[in-house]
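No experiment lies behind these values; they were computed from the predicted model shown.
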Amino acid sequence: MRTKVCLALLVLAAGVLASAFVFRTGPRDTAGATGSTAAPPPVLDVPAAVELGRWPGAEPRQVRLQIGNTSGQPVQVVGVLETCTPGGCVKTSTELPAVVPPGGHLELALLCTRWEPGPYSCNFEIYTDIPGCLVTTVRLTGTVE
């Protein structure tokens, strides 16, 4: 009999613990809405790398970089890191900050220069207001003749 009581108490305790994990729902919505969840964070569709091809060294290379917003929330592009090194520069003429609308896109106009012939390679950083993903890096590569 004593074994049955201990077993029953053990099963009861396991049930209480299991229900504590199953029914834990986090903060309650005090406005009365049921089943509402926070929207997932926005996601930008930005290429990881862009091949610029070959271009004459006397001319800057103009590039259009399209940024898509695959979410239902607007995303603000707050700025970019315009890089200048002894080998060359990348700058944008797009006025920032700018908003990428839900399901829409933003086109950044880039200008890449290289002082001497040879391979061109640089990172271009895009800064947004997306929590947990404030910086997106795009690798630009090409060859100056």
Note to self: So which atom in Phe124 and which in Thr92 form the shortest heavy-atom distance, rounded to 0.1 Å?
What the structure shows: CZ-CB, 4.4 Å

Item checked: Donor-acceptor pair, side chain of Arg61 and main chain of Trp55, under 3.5 angstrom -> no

Next item on the list: Quick one: pull up CG in Leu140 and CG in Asn123 and give me the separation to the nearest 0.5 Å.
Entry: 8.0 Å

Next item on the list: For Thr136, enumerate each residue passing the side-chain hydrogen bond (donor to acceptor under 3.5 Å, both in side chains) test, keeping only those at least two apart in sequence or located in another chain.
Entry: none

Notebook entry, point to check: Can you get from Val46 to Ile130 by hopping between Ile, Leu, Val, Met, Phe, Trp and Tyr side chains that sit under 4.5 Å apart?
Noted result: yes

Checklist line | Side-chain (Asn69) to main-chain (Leu44) donor-acceptor, under 3.5 angstrom | finding: no

Next item on the list: Measure the OH-CG distance between Tyr120 and Leu52 for me, rounded to the nearest 0.5 Å.
Entry: 7.0 Å

Notebook entry, point to check: Heavy-atom count around Gln66 CD within 6.0 Å, excluding the residue itself: above 12?
Noted result: yes

Note to self: So, using salt bridge (charged side-chain N to carboxylate O under 4.0 Å, His left out) as the criterion, who are the partners of Glu145 when residues are at least two apart?
What the structure shows: Arg54

Next item on the list: Check for a donor-acceptor pair, side chain of Thr137 on one end and backbone N or O of Glu125 on the other, with a separation under 3.5 Å.
Entry: no

Item checked: Thr128 side chain to Gln76 backbone, donor-acceptor under 3.5 Å -> no

Next item on the list: Quick one: closest heavy-atom pair of Pro42 and Val75, and the distance?
Entry: CB-CG2, 3.3 Å

Item checked: Nearest-0.5 Å distance that lies between atom CG in Leu108 and atom CD1 in Ile126 -> 5.5 Å

Item checked: Shared hydrophobic cluster for Tyr127 and Leu110 (ILVMFWY, side-chain gaps under 4.5 Å) -> no

Next item on the list: Check the pair Arg64 / Glu107 against salt bridge (charged side-chain N to carboxylate O under 4.0 Å, His left out), numbers first and verdict last.
Entry: CA-CA 6 Å; Arg64 300 275 181 200; Glu107 190 171 85; 3.8 Å; yes

Note to self: Using modelled atom types and a 3.5 Å cut-off, is there a donor and acceptor pairing between side-chain atoms of Glu51 and backbone atoms of Gly53?
What the structure shows: yes

Check: Is the SG of Cys122 found under 2.5 Å away from the SG of Cys112?
Finding: no

Notebook entry, point to check: Do Val63 and Leu96 belong together in a cluster built from hydrophobic side chains that touch within less than 4.5 Å?
Noted result: yes

Margin query: Please check this pair: side chain of Ser121 against backbone of Thr141, looking for a donor-acceptor N/O pair closer than 3.5 Å.
Written below: no

Next item on the list: Provide the closest heavy-atom pair for Pro74 versus Pro102 in the form atom of the first, atom of the second, distance.
Entry: N-CG, 3.6 Å

Note to self: Looking at every heavy atom in both Cys89 and Trp115, which two are closest together, and how far apart are they?
What the structure shows: SG-CZ2, 3.8 Å

Next item on the list: Working to the nearest 0.5 Å, report the span between CD of Glu59 and OG1 of Thr113.
Entry: 12.5 Å

